[in-house]
Undergrad: 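Following this message is one structure expressed as structure tokens.
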Amino acid sequence: MTKTAERRLPAHTAVPPVPAPPPAGDRRRRRLADQLRAYGFLVGGLLCFALFSWYPAIRAVVIAFQKYTPGSPPEWVGTANFTRVLHDPEFTAAWRNTLTFTLLALLIGFAIPFVLALVLNELRHAKAFFRVVVYLPVMIPPVVSALLWKWFYDPGAGLANETLRFLHLPTSNWSNGTDTALVSLVIVATWANMGGTVLIYLAALQSIPGELYEAAELDGANLLQRVRHVTVPQTRFVILMLMLLQIIATMQVFTEPFVITGGGPENATVTVLYLIYKYAFLYNDFGGACALSVMLLLLLGAFSAVYLRLTRSEGDA
């Protein structure tokens with residue numbers, strides 16, 4: 001230290017001592033306490049999953065091979081539940097309706113969110129407002145949404161037919177017609193669930209580099225050509241993932257047929273999940289219900305495996 005610096009320091013100034021590091025034993029105990037706390041939270045979450053998700057699933061697989069009636073001991077019957085369910089006339093109708101619902105949901109409910117996302121992405125003003133408007137149906141409880149649409153579809157004084165009468169157009173039976181009921185439910189499901197899909201598409205669209213659109217415009221591409229050659233290729237992975245997720249979700253449709261149509265008319269809207277409900281709570285046949293659940297589980301497990309494989313491949317890339 002120079003003499004000038006020495007003169008500036010008061011005589012009583014002392015350099016504070018450097019605190020000694022904690023002993024190694026204290027550090028190990030503190031680290032162990034942190035790890036135990038973290039594992040404690042993890043165990044709590046695993047217990048919740050085990051109690052409310054894994055145990056019911058495993059129990060359902062076991063009951064699928066048993067004759068199970070509440071209040072009496074279960075009896076092992078092998079594959080008799082599966083055989084009985086497969087010969088049920090409602091089984092074919094339920095799977096046909098479920099697959100048709102899934103196909104219609106892909107045709108109607110898959111294209112509309114993508115188009116809405118394209119429109120929102122092109123807006124220059126009030127973007128936040130329209131995002132809230134699009135997402136608002138998702139925040140409505142599913143049962144409330146279904147009850148709202150049940151009134152909307154009322155063939156007498158429902159808003160749908162009243163609007164058609166005002167426009168001097170022919171009315172429809174909507175959810176009360178055997179040929180229109182399933183399409184009506186697809187419209188309800190699309191309206192209720194498209195908000196989240198639109199926001200995911202919008203996030204994917206906003207991640208596309210603007211230089212690609214500028215280059216396409218310089219080459220003379222119109223709007224449809226830009227969507228076909230720039231937007232779709234750049235978002236194909238998101239489109240494929242959402243398609244698989246929508247297939248998995250729509251094959252588990254239950255709320256709309258349960259609340260709006262009750263599976264009718266003439267079993268036109270009975271789905272697999274609704275048939276499982278009927279077996280369990282109307283027929284009191286838990287073995288048949290679990291057998292149907294296992295069949296649905298295997299099919300959805302196949303789609304889930306494809307989804308996981310694709311997401312893993314994209315992550316590795």
Side-chain angles (χ1 to χ4, degrees), residues 56 60 84-110 112-113 137-161 171-197 243 245-286 288-300 303:
R84 187 178 69 260
V85 167
L86 287 171
H87 288 86
D88 185 354
E90 284 188 302
F91 176 83
T92 304
W95 279 102
R96 182 180 63 248
N97 293 336
T98 300
L99 294 176
T100 304
F101 185 94
T102 302
L103 179 61
L104 291 174
L106 288 177
L107 294 176
I108 299 174
F110 193 72
I112 293 177
V138 181
M139 296 184 285
I140 301 175
V143 174
V144 175
S145 176
L147 289 173
L148 175 66
W149 279 89
K150 185 177 182 179
W151 166 79
F152 188 85
Y153 283 146
D154 186 275
L159 183 59
N161 279 343
T171 59
S172 173
N173 285 327
W174 298 107
S175 59
N176 293 326
T178 55
D179 54 343
T180 58
L182 206 59
V183 178
S184 301
L185 297 188
V186 171
I187 295 173
V188 176
T190 301
W191 176 83
N193 301 302
M194 71 178 178
T197 306
M243 181 182 295
L245 289 176
Q246 183 166 345
I247 291 174
I248 294 171
T250 52
M251 293 197 70
Q252 302 176 72
V253 60
F254 173 76
T255 304
E256 289 81 4
F258 177 75
V259 176
I260 299 176
T261 62
E266 300 178 10
N267 288 336
T269 57
V270 171
T271 60
V272 175
L273 215 60
Y274 187 76
L275 186 59
I276 292 172
Y277 162 81
K278 291 179 69 175
Y279 265 93
F281 300 105
L282 298 183
Y283 307 153
N284 205 28
D285 183 0
F286 289 91
C290 290
L292 267 173
S293 301
V294 170
M295 295 179 190
L296 184 61
L297 172 67
L298 293 176
L299 181 61
L300 296 182
F303 283 110

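All values reported here derive from a predicted model rather than from experimental measurement.
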Undergrad: Report the distance from atom CE of Met194 to atom CD1 of Ile108, rounding to the nearest 0.5 Å.
TA: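 Separation between the atoms: 12.5 Å.
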Undergrad: Say whether, by atom type as modelled, one donor and one acceptor occur between the side chain of Thr269 and the main chain of Thr261 under 3.5 angstrom.
TA: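 Side chain of Thr269 to backbone of Thr261: no pair is present.
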Undergrad: Could you give me the CA-CA distance, side-chain angles and deciding distance for Tyr274 and Asn97, then say whether side chain to side chain donor-acceptor pair (under 3.5 Å) is met?
TA: CA-CA 11 Å; Tyr274 187 76; Asn97 293 336; over 6 Å; no
Undergrad: Could you state the interatomic distance from CG (Asn173) to OG1 (Thr178), rounded to the nearest 0.5 Å?
TA: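 One gets 8.5 Å once the value is rounded to the nearest 0.5 Å.
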Undergrad: Just verifying a value: how many Å separate Thr250 OG1 and Leu106 CG, rounded to the nearest 0.5 Å?
TA: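 CG of Leu106 is found 6.0 Å from OG1 of Thr250.
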Undergrad: Supply the atom-to-atom distance Ser172 OG to Tyr153 OH, rounded to the nearest 0.5 angstrom.
TA: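 Reported value, rounded in 0.5 Å steps: 9.0 Å.
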Undergrad: What's the shortest heavy-atom distance between Ala94 and Leu275, and which atoms?
TA: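 The answer is CB-CD2, 3.8 Å.
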Undergrad: Can you sort out the partners of Thr100 under side-chain contact (heavy atoms from CB on, under 4.5 Å), two or more places apart, ordered by chain and number?
TA: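 For Thr100 the side-chain contact (heavy atoms from CB on, under 4.5 Å) partners, ignoring immediate neighbours, are Arg96, Leu104, Leu182.
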Undergrad: Test of understanding: with side-chain contact (heavy atoms from CB on, under 4.5 Å), list the residues that count as partners of Phe281, not counting sequence neighbours.
TA: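 Checked Phe281 against side-chain contact (heavy atoms from CB on, under 4.5 Å); matches are Tyr277.
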Undergrad: Indicate the atoms forming the closest heavy-atom contact of Ser145 with Trp191, along with that distance.
TA: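 Nearest heavy atoms, Ser145 then Trp191: OG-CZ3, 3.1 Å.
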Undergrad: Considering only heavy atoms from C-beta outward, does the side chain of Leu300 approach that of Met251 to under 4.5 Å?
TA: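 Yes; the side chains approach each other to less than 4.5 Å.
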Undergrad: Which atoms form the tightest heavy-atom contact between Pro113 and Thr197, and what is the distance?
TA: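 Answer, listing the atom of Pro113 first, then Thr197: CB-CG2, 3.8 Å.
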Undergrad: Are Leu86 and Met295 packed together at the side-chain level, in the sense that at least one heavy-atom pair is separated by less than 4.5 angstrom?
TA: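 Answer yes - side chains close enough.
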Undergrad: Restricting to non-hydrogen atoms, name the atom on Pro265 and the atom on Gly177 that form the minimum distance, rounded to 0.1 Å.
TA: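 Looks like CG-C, 3.7 Å.
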Undergrad: Quick one, Arg84 with Asp285, criterion side chain to side chain contact (heavy atoms under 4.5 Å, CB included). Give me CA distance, side-chain angles, the key distance, then yes/no.
TA: CA-CA 11 Å; Arg84 187 178 69 260; Asp285 183 0; 2.5 Å; yes
Undergrad: As a quick check of understanding, evaluate side chain to side chain contact (heavy atoms under 4.5 Å, CB included) for Phe258 and Leu273, giving each step before the final call.
TA: CA-CA 10 Å; Phe258 177 75; Leu273 215 60; over 6 Å; no
Undergrad: If I compare all heavy atoms of Val294 with all of Ala60, which pair ends up nearest, and what's the gap?
TA: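 In terms of heavy atoms, the two residues are closest at CG2-O, 4.5 Å.
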Undergrad: Answer whether the closest heavy-atom distance between the side chains of Asn161 and Trp174 falls below 4.5 Å.
TA: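 A side-chain contact exists here, since the closest heavy-atom pair is under 4.5 Å.
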Undergrad: So how far is it from Gln252 CD to Ile276 CD1, rounded to the nearest 0.5 Å?
TA: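 Output value for this atom pair is 9.0 Å.
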Undergrad: For residues Ala291 and Val85, report the shortest heavy-atom separation together with the two atoms involved.
TA: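 So the two residues come closest at CB-CG2, 4.4 Å.
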Undergrad: Run the numbers on Val143 and Leu147 for side chain to side chain contact (heavy atoms under 4.5 Å, CB included), then give the verdict.
TA: CA-CA 6 Å; Val143 174; Leu147 289 173; 4.2 Å; yes
Undergrad: Tell me, please, which residues at least two apart from Leu159 pass side-chain contact (heavy atoms from CB on, under 4.5 Å).
TA: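 Scan of Leu159 (side-chain contact (heavy atoms from CB on, under 4.5 Å), adjacent residues dropped) gives Trp151, Phe152, Thr163.
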Undergrad: Could you tell me the separation between the OG1 atom of Thr190 and the CG atom of Leu185, rounded to the nearest 0.5 Å?
TA: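 Taking OG1 in Thr190 and CG in Leu185, the distance rounds to 10.5 Å.
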